Structures are given as structure tokens and as C-alpha cells.
Amino acid sequence: MAIDKKYVDQILKVSEKAALASSYLVGKKDKIAADQAAVDAMRSELNKIDMNGEVVIGEGSLDEAPMLFTGEKLGNKNGPYFDIAVDPLEGTNFAANNLPGATSVIAIAEKGNLFNAPETYMDKIATGPIEKGLIDLDFPLKRNASNLADFLKKDLSSLTACVMDRPRHKKIIDELKQLNINIKLITDGDVLGALYVTNPKYNVDIFLGVGGGPEGVLAASALDAFNCHFQGRFIFDNDKDIKDAKEMGITDLNKKYELNEIIKGDSIFCSTGITSSDMLSGVEINDNKYTTETLVTHKSLKFKETIKRTNLIEE
């Protein structure tokens with residue numbers, strides 16, 4: 001079943017309002033307050049929508065997050081049943097320190113179609129559209145890079161890989177250097193990092209490394225609309241994570257998830273820039289109006305656009 005296109009504008013508004021709320025705290029050195037502002041605004045807007053929504057990826061469990069917690073019911077209880085994944089402020093450090101790349105992110109899918117990702121790390125790999133079986137998490141990096149270069153008719157030295165700048169990625173970064181592959185290092189922003197592969201203008205051929213599991217599911221919603229390749233494997237390396245996974249019904253702790261196992265059926269994705277990046281402009285406020293730029297996808301309509309619009313700031 002396809003999600004009614006009327007929800008595109010409503011989810012876009014949710015993302016915009018969260019971005020606006022957080023934008024007032026950009027550069028204030030308080031990432032908790034910036035995140036809370038985005039959470040409050042996002043929750044308020046979601047509760048206005050004709051739907052029976054349930055948060056499957058949120059700010060954490062009920063004891064960790066008083067609002068937008070995993071399992072929270074949202075909407076006015078009139079309308080279809082949706083799974084909701086949110087990251088009201090992705091890049092909290094970016095917002096707190098007025099650095100590029102802070103965004104507000106949300107995805108919705110029909111009930112049961114959005115993977116309920118545990119709050120743990122995920123090993124990920126993403127590329128643009130490719131032939132099946134060409135790139136795989138289980139392949140050595142050199143094999144993946146060579147296969148991708150051949151497919152794109154590029155030299156290895158012309159490839160660009162996006163990797164989060166973390167000590168855990170030293171081996172990957174060292175190997176990329178040995179292969180003479182260009183590296184785009186990002187400090188945060190796991191969702192946008194994966195989305196660089198959606199358009200050649202960003203000059204990123206592959207995204208790889210270990211990042212947040214929930215962020216992997218959010219990125220998958222948008223990547224699906226672009227017919228991109230994505231795989232993820234959760235990392236369960238302590239008793240609590242293993243226990244949480246089993247309570248969620250995850251029995252194979254080493255399972256490699258394909259894109260269509262993470263996001264099934266139709267979905268809508270929105271990511272609104274809070275601080276400007278090379279993908280999205282940040283929030284601009286002029287008098288009683290604000291301007292935002294949002295990447296919006298709706299899979300069933302094959303809709304994938306960056307939408308810039310100006311709205312009145314409501315009192």
C-alpha cells in the first residue's frame with residue numbers, strides 16, 4: 001500500500017518546525033537544550049496529524065527520554081497506523097558549536113514496515129544504484145572498491161569514500177590511503193553522510209564504517225527512494241545490547257540486513273538543514289518568516305527533491 005501523498009507536506013512541516021526550534025540555540029554551546037527544543041517542536045507537530053503513529057526509533061527508551069521515546073504513541077488517533085523514526089537533531093555538536101551539518105530528520109512507514117533498530121552500533125555500507133551482489137559487507141574493502149570502480153568505469157584513485165573520523169575507523173582509513181582512494185572524513189552526521197551517495201554532485205561513491213543503528217534505518221528510508229545499495233549489521237558486544245536485541249525479537253545477532261529488510265513498502269523521509277552543509281542550507285530567519293531547505297523523498301511516488309520554502313513564524 002502507498003502512503004497518501006497528503007502526508008508528505010505534513011511530515012515536511014514536522015521536520016521544518018523541529019529545525020526552526022533548534023535553530024534558536026545554534027552556537028549557544030548547549031547541545032541538550034538544542035536537542036530538547038527540536039524534540040518538543042517535533043512531538044507537538046506530530047500530534048496534530050491524522051494518524052495512529054508509534055515511535056519505533058526515537059530518543060531512547062521511556063526511562064531515558066520523556067518524549068519521543070521508543071513505543072510512544074503519536075497523532076490524533078484518527079487515520080492510518082504508521083511507524084515513525086526520528087532524530088530531531090542529528091549533529092547535536094554541530095548545532096551547539098554552529099558548525100555545518102546539523103539537521104532534523106524523520107521517516108514514516110506503514111505499520112510493521114520500519115525496522116525497530118536497537119540503540120547500538122551498526123556496520124554499514126552504502127553506494128548509489130549498482131548491480132546486485134557487487135558490493136557486500138562481507139567482502140574485503142579492496143574487493144568492494146575494485147568492483148565499484150569497474151562498475152563506474154573509474155580508476156581506484158578517482159573513487160571517493162565517506163567515513164566518520166573515529167579511532168575505530170583507523171584500519172579502514174589506512175587501507176583507503178594504501179589504495180589511493182580519496183577520503184571524505186565527517187565528524188558527525190551519520191544520516192547525511194550515507195546520503196552523499198545519492199547524487200553524483202556530492203562526489204562520494206561509497207559510505208562505509210560503523211555508526212549508529214537508528215541512524216542507519218533513517219538513512220535507509222531515503223536511500224530506498226533513490227534505489228541505492230545499503231547493507232547493515234548490528235554490533236552486539238555487551239550483555240545489555242544482547243539482552244535488548246533478544247527482547248526485540250532479534251535472534252541472529254550476526255545477521256546482515258539488506259535494504260528491503262530494514263525498510264519495507266512505502267515510506268516518506270524528510271531531513272531539514274539547521275546549520276548549512278554542502279547538502280542542505282540551514283534555517284534563515286528574517287523578521288516573522290523563516291526559510292528552510294529539506295530533502296524529501298516519497299518512495300511510491302518516486303519523489304525525491306530538495307524543497308526550499310519560506311513560512312511564517314507562528315506566535
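Quick caveat: nothing in here was measured; it's all calculated off a predicted structure.
Summarising the geometry of Leu137 relative to Gln231, their closest heavy-atom pair is N-OE1, 2.8 Å, with the distance given to 0.1 Å. Considering all non-hydrogen atoms of both residues, Ser22 and Leu89 come closest at OG-CD2, 3.5 Å. Between Cys162 and Val204, the closest heavy-atom pair is CB-CG1, 3.7 Å. The two residues Pro129 and Phe226 make their nearest non-hydrogen contact at CG-O, 3.6 Å. What you find for Leu192 and Gly101 is that their closest heavy atoms are CD1-O, 4.1 Å. Contact between Leu114 and Asp83 at its shortest, heavy atoms only, is N-OD2, 3.5 Å.
Between Asp239 and Lys243 there is no salt bridge, since no side-chain nitrogen of the basic residue lies less than 4.0 Å from a carboxylate oxygen of the acidic one. At a threshold of 4.0 Å, the pair Lys48-Glu45 counts as salt-bridged, since one of the basic side-chain nitrogens sits closer than that to a carboxylate oxygen. Between Lys171 and Glu175 there is no salt bridge, since none of the side-chain N atoms of the basic residue sits less than 4.0 Å from a carboxylate O of the acidic one.
Residues meeting the salt bridge (charged side-chain N to carboxylate O under 4.0 Å, His left out) test with Lys77, sequence neighbours left out: none.
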Report task. Would you sort out whether Thr294 and Glu16 count as a side chain to side chain contact (heavy atoms under 4.5 Å, CB included), showing the intermediate values? Result -> CA-CA 8 Å; Thr294 307; Glu16 289 174 333; 4.1 Å; yes
| said: Please determine whether side chain to side chain donor-acceptor pair (under 3.5 Å) holds for the pair Gln36 and Asp40, giving the CA-CA distance in whole Å, both sets of side-chain angles, and the decisive distance to 0.1 Å. | reply: CA-CA 6 Å; Gln36 190 63 57; Asp40 292 347; 2.8 Å; yes
inquiry  = Asn98 vs Thr275, test: side chain to side chain contact (heavy atoms under 4.5 Å, CB included). Steps then yes/no.
reply    = CA-CA 7 Å; Asn98 196 9; Thr275 58; 4.1 Å; yes
Pair Ile173-Val163, side chain to side chain contact (heavy atoms under 4.5 Å, CB included): steps then yes or no:
CA-CA 8 Å; Ile173 292 167; Val163 185; 4.3 Å; yes
For Asn147 and Asn144, what are the C-alpha separation, side-chain angles and deciding distance, and is it a side chain to side chain donor-acceptor pair (under 3.5 Å)?
CA-CA 5 Å; Asn147 285 352; Asn144 277 327; 5.2 Å; no
* In sequence, state the C-alpha distance, the side-chain angles, and the governing distance for Val296 and Phe269, and then conclude on side chain to side chain contact (heavy atoms under 4.5 Å, CB included). => CA-CA 6 Å; Val296 183; Phe269 170 94; over 6 Å; no
ask   = Checking salt bridge (charged side-chain N to carboxylate O under 4.0 Å, His left out) for the pair Asp9/Lys13: CA distance, chi angles, key distance, verdict?
value = CA-CA 6 Å; Asp9 192 66; Lys13 188 176 181 183; over 6 Å; no
I'd like to know whether Phe234 forms a ring pair (Phe, Tyr, Trp, His ring centres under 6.0 Å) with Tyr257, so could you lay out the CA-CA distance, the side-chain angles of the two residues, the decisive distance to 0.1 Å, and finally the verdict.
CA-CA 9 Å; Phe234 293 103; Tyr257 291 91; 5.7 Å; yes
Does the pair Tyr121 and Phe236 meet the rule for a ring pair (Phe, Tyr, Trp, His ring centres under 6.0 Å), with working shown? CA-CA 8 Å; Tyr121 282 117; Phe236 302 107; over 10 Å; no
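Under the 4.5 Å side-chain heavy-atom criterion for grouping Ile, Leu, Val, Met, Phe, Trp and Tyr, Ile181 is not connected to Tyr196 through any hydrophobic cluster. Both Phe115 and Leu218 are members of a single hydrophobic cluster when ILVMFWY side chains are connected at heavy-atom separations under 4.5 Å. By the rule that hydrophobic residues join a cluster once side-chain heavy atoms approach within less than 4.5 Å of another member, Val14 and Val39 end up as members of one cluster. Grouping the Ile, Leu, Val, Met, Phe, Trp and Tyr side chains by contacts below 4.5 angstrom, directly or via other members, places Val217 apart from Phe69. Tracing side-chain contacts under 4.5 Å through hydrophobic residues (I, L, V, M, F, W, Y), one never reaches Leu295 starting from Phe303; they form parts of separate clusters.
The shortest distance between side-chain heavy atoms of Ile11 and Val8 does not fall below 4.5 Å. For the pair Leu148/Ile130, a side-chain contact is recorded, criterion being any heavy-atom separation below 4.5 Å from C-beta on. Residues Met67 and Met42 have side chains not in contact (no heavy-atom distance under 4.5 Å, counting atoms from C-beta outward). Taking the side chain as every heavy atom from C-beta outward, Lys184 and Asp278 approach each other to under 4.5 Å. Side-chain atoms of Phe94 and Val26, non-hydrogen and from C-beta on, never get closer than 4.5 Å to each other. No side-chain heavy atom of Leu99 sits less than 4.5 Å from a side-chain heavy atom of Asn93. No side-chain heavy atom of Pro167 sits under 4.5 Å from any side-chain heavy atom of Lys170. Between Leu46 and Leu68 the shortest side-chain heavy-atom distance falls below 4.5 Å.
The number of heavy atoms from other shown groups lying within 6.0 Å of CD1 (Ile32) does not exceed 12. Within 6.0 Å of atom CD in Glu131, 12 or fewer heavy atoms from other residues, nucleotides or ligands are found, so the atom counts as exposed in its surroundings. For Tyr81, the OH atom counts as loosely surrounded, since its 6.0 Å shell holds 12 or fewer non-hydrogen atoms of other residues, nucleotides or ligands. For Asp287, the CG atom sits in a loose shell: 12 or fewer heavy atoms of surrounding residues, nucleotides or ligands are nearer than 6.0 Å. Lys111 NZ: more than 12 foreign heavy atoms inside a 6.0 Å radius.
Arg233 pairs in a salt bridge (Lys or Arg N to Asp or Glu O under 4.0 Å) with only one of the listed residues (Asp138, Asp136, Asp123), which is Asp138. Among the candidates Val86, Val55, Val56, Ile84, the single residue satisfying the side chain to side chain contact (heavy atoms under 4.5 Å, CB included) test with Glu72 is Val55. Each of Asp50, Asn47, Asn52 was scored for a side chain to side chain donor-acceptor pair (under 3.5 Å) with Asn76, with one residue passing: Asp50.
At least one donor-acceptor pair closer than 3.5 Å links the side chain of Lys124 to the backbone N or O of Gly212. Side-chain atoms of His169 never come within 3.5 Å of backbone atoms of Gly209 as a donor-acceptor pair (strictly under, hydrogens ignored). With hydrogens and angles disregarded, no donor-acceptor distance shorter than 3.5 Å links the side chain of Asn199 to the backbone of Tyr202. Checked by atom type and distance alone, the side chain of Ser276 pairs as donor or acceptor with a backbone atom of Gly282 at under 3.5 Å. Glu90 places a side-chain N or O within 3.5 Å of a backbone atom of Asp190 that can act as its donor or acceptor partner. Side chain of Ser23 to main chain of Ile274: no donor-acceptor pair is present (N/O by atom type, distance under 3.5 Å, no hydrogens or angles). Not one N or O on the side chain of Asn286 forms a donor-acceptor pair closer than 3.5 Å with the backbone of Lys289. Side-chain atoms of Ser104 come within 3.5 Å of backbone N or O of Pro88 as a donor-acceptor pair. No donor-acceptor pair under 3.5 Å is formed between the side chain of Asp35 and the backbone N or O of Lys31. Proximity of a side-chain donor or acceptor of Glu59 to a complementary backbone N or O of Ala65 within less than 3.5 Å is not detected.
Judged as a salt bridge (Lys or Arg N to Asp or Glu O under 4.0 Å), the pairs with a partner in residues 193-218 (not counting sequence neighbours) are, in order, Lys154-Asp205. Listed by first and then second residue, the side chain to side chain donor-acceptor pair (under 3.5 Å) pairs that reach into residues 261-271 are Ser221-Ser267, Lys255-Glu261, Asp266-His298, Asp266-Ser300, sequence neighbours excluded.
Side-chain contact annotation: Thr291 with Thr310, donor-acceptor N/O pair under 3.5 Å present.
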